Amino acid sequence: MQNLPPPPSFEALLSSQDIALFLDFDGTLVELAETPDGIDVPQHLAKNLHALFDRLNGRLALVSGRAIVDLEQHLGPLTIAKAGSHGGDCRHADGKNIGKIPKGLPPELLARVAEFAERRGFTLEDKPHGAALHYRSDPSLEEEGVEFAQAMAEEGDLDIKRGKCVIELVGRGANKGSALRGFMECAPFAGAMPIFVGDDITDEDGMRAARDMGGFGVLVGEREPTVAKYGLASPAAVHHWLEL
């Protein structure tokens, strides 16, 4: 098992140079749960994230597989930069879109995904820009879910995103690395050192982009292989590191 060292203290990083911080949500800021709606969000998380946004002079973005509307259902209105749907929907802190506004899945394809989920025992997460099949309650469903998703992706010209007991269909080209790069081209992120913090396979794209742009990734929990330079044990450790 890869044993990553902890990152330098956040205060030391802040005092050494301008940094741009990109944070995943599930498994990074909140513990994973059996279902997407089952998460336990710390009471003051939203308030503390906005304070961190101010501390970083606006160079903070949430980058989640969840849709932005879903994030705001759990956190309330977010006046910080955010990217939902695995980077398919990127917005500045004022809500203005970065790049094209993404489209959702065709209704007929979404209906077939919903029928499959109900029939085979998956939990369906219907998103504005995609659909996710969760199987945390029955990991034996993985192979069947992947086979079905591959067929749907080929038919609908979609990408598949894999995570911890989840298979997701999204638009082509959406990933957390492209989201990070999009933010880094704009003020106030441009010129800062990017740091991406995440726990899952889809976060590797963000970590790789951060590394390629002179920054680094921080892996939350244990997983390999990874391009992360540093590691933190849990969401609680992330909160402690960031002084949330």
Side-chain angles (χ1 to χ4, degrees), residues 1-32 41-65 71 75 78-83 87 90 92-93 98 175-244:
M1 182 63 68
Q2 189 168 357
N3 188 18
L4 296 172
S9 76
F10 197 62
E11 185 62 40
L13 288 168
L14 285 176
S15 63
S16 64
Q17 60 192 303
D18 288 341
I19 64 171
L21 184 63
F22 300 89
L23 300 174
D24 174 45
F25 184 65
D26 292 271
T28 297
L29 291 175
V30 299
E31 294 284 355
L32 296 172
V41 180
Q43 183 177 1
H44 300 294
L45 179 57
K47 178 182 176 181
N48 292 342
L49 285 173
H50 284 92
L52 181 59
F53 175 81
D54 292 338
R55 190 179 180 191
L56 288 167
N57 296 316
R59 297 187 301 274
L60 169 68
L62 286 185
V63 184
S64 175
L71 285 172
L75 292 168
L78 292 169
T79 55
I80 63 176
K82 54 265 179 185
C90 299
H92 291 289
I98 299 175
N175 67 70
K176 295 184 178 184
S178 63
L180 183 147
R181 292 180 184 278
F183 283 121
M184 291 296 294
E185 291 177 356
C186 307
F189 296 91
M193 181 183 75
I195 300 171
F196 193 102
V197 187
D199 72 306
D200 213 342
I201 297 170
T202 55
D203 297 312
E204 292 294 319
D205 292 324
M207 295 179 195
R208 189 173 294 107
R211 179 198 64 187
D212 292 347
M213 299 185 76
F216 57 83
V218 179
L219 177 65
V220 182
E222 295 183 348
R223 180 177 49 74
E224 58 180 341
T226 180
V227 299
K229 184 176 182 179
Y230 301 108
L232 291 167
S234 64
V238 175
H239 285 232
H240 180 74
W241 178 56
L242 296 176
E243 303 170 13
L244 292 176

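If you're wondering where the values come from, they're calculated on a predicted model, not measured in any experiment. Note: hydrogens, waters and symmetry copies are ignored here, and every other heavy atom, side chains too, is used.
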Subject >> Minimum heavy-atom distance Ile98-Gly182, with the two atoms named >> reply: CG2-O, 4.4 Å

**OP:** Using a cut-off of 6.0 Å, state whether more than 12 heavy atoms not belonging to Gln17 lie near its atom CD.
**Re:** yes

Subject >> CG-CD distance between Asn3 and Glu222, expressed to the nearest 0.5 angstrom >> reply: 8.0 Å

Subject >> Where Val63 and Ala179 come nearest, the two heavy atoms and their spacing >> reply: CG1-CB, 4.2 Å

Original post:
Between Ala209 and Leu180, which heavy-atom pair has the shortest distance, and what is it?
Top reply: CB-CD2, 4.0 Å

**OP:** Kindly indicate whether the side chain of Met207, heavy atoms from C-beta on, has any atom under 4.5 Å from the side chain of Leu219.
**Re:** yes

Subject >> Point-to-point distance, once rounded to the nearest 0.5 Å, from CZ of Phe189 to CG of Leu56 >> reply: 9.0 Å

Original post:
Looking at residues at least two apart in the chain, or sitting in another chain, which of them share a side chain to side chain donor-acceptor pair (under 3.5 Å) with Glu31?
Top reply: none

Original post:
Where is the tightest heavy-atom contact between Ala81 and Phe53, given as atom of each residue plus distance?
Top reply: N-CE1, 4.1 Å

Original post:
In Å and rounded to the nearest 0.5 Å, what is the CZ to CG distance from Phe25 to Leu45?
Top reply: 6.5 Å

Subject >> Contact summary for Thr226 and Glu204, nearest pair of heavy atoms >> reply: OG1-OE2, 2.7 Å

Original post:
Just wondering, do Leu242 and Val197 contact through their side chains at under 4.5 Å, heavy atoms?
Top reply: no

Original post:
By side chain to side chain donor-acceptor pair (under 3.5 Å), which residues pair with His50, not counting sequence neighbours?
Top reply: Thr79

Original post:
Atom CG of Leu23 and atom CG of Leu49: how far apart are they, to the nearest 0.5 Å?
Top reply: 7.0 Å

Original post:
Is the backbone N or O of Thr202 less than 3.5 Å from a side-chain atom of Asp200, with the two atoms forming a donor-acceptor pair by type?
Top reply: no

Original post:
To the nearest 0.5 Å, what is the distance between CG (Leu62) and CZ (Phe22)?
Top reply: 11.0 Å

**OP:** Could you tell me which residues satisfy salt bridge (charged side-chain N to carboxylate O under 4.0 Å, His left out) with Arg211, sequence neighbours excluded, listed by chain and number?
**Re:** none

Original post:
Taking all atoms of both residues into account, what is the closest heavy-atom pair of Pro194 and Ala192, and its distance?
Top reply: CD-O, 3.4 Å

Subject >> salt bridge (Lys or Arg N to Asp or Glu O under 4.0 Å): pairs with one or both residues in residues 7-21, sequence neighbours excluded >> reply: Glu11-Arg55, Asp18-Arg59

Table please: side-chain donor-acceptor pairs of residues 230-241 below 3.5 Å, with sequence neighbours left out.
{"unit_1": "Ser234", "atom_1": "OG", "unit_2": "Ala236", "atom_2": "N", "d": "3.4"}
{"unit_1": "Ser234", "atom_1": "OG", "unit_2": "Ala237", "atom_2": "N", "d": "3.3"}
{"unit_1": "His239", "atom_1": "NE2", "unit_2": "Leu29", "atom_2": "O", "d": "2.8"}
{"unit_1": "Trp241", "atom_1": "NE1", "unit_2": "Pro8", "atom_2": "O", "d": "2.8"}

Subject >> Student check: side-chain heavy atoms of Pro188 and Asn57 closer than 4.5 Å >> reply: no

Original post:
So do the side chains of Arg208 and Phe196 get within less than 4.5 Å of each other, counting heavy atoms only?
Top reply: no

Original post:
What distance do Ile195 atom CD1 and Lys229 atom NZ have between them, rounded to the nearest 0.5 Å?
Top reply: 10.0 Å

Original post:
Once the angle between the rings of His92 and Phe183 is folded into 0 to 90°, is it parallel (under 30°), tilted (30 to 60°) or perpendicular (over 60°)?
Top reply: perpendicular

Original post:
By side chain to side chain donor-acceptor pair (under 3.5 Å), which residues pair with Asp24, not counting sequence neighbours?
Top reply: Thr28, Lys176

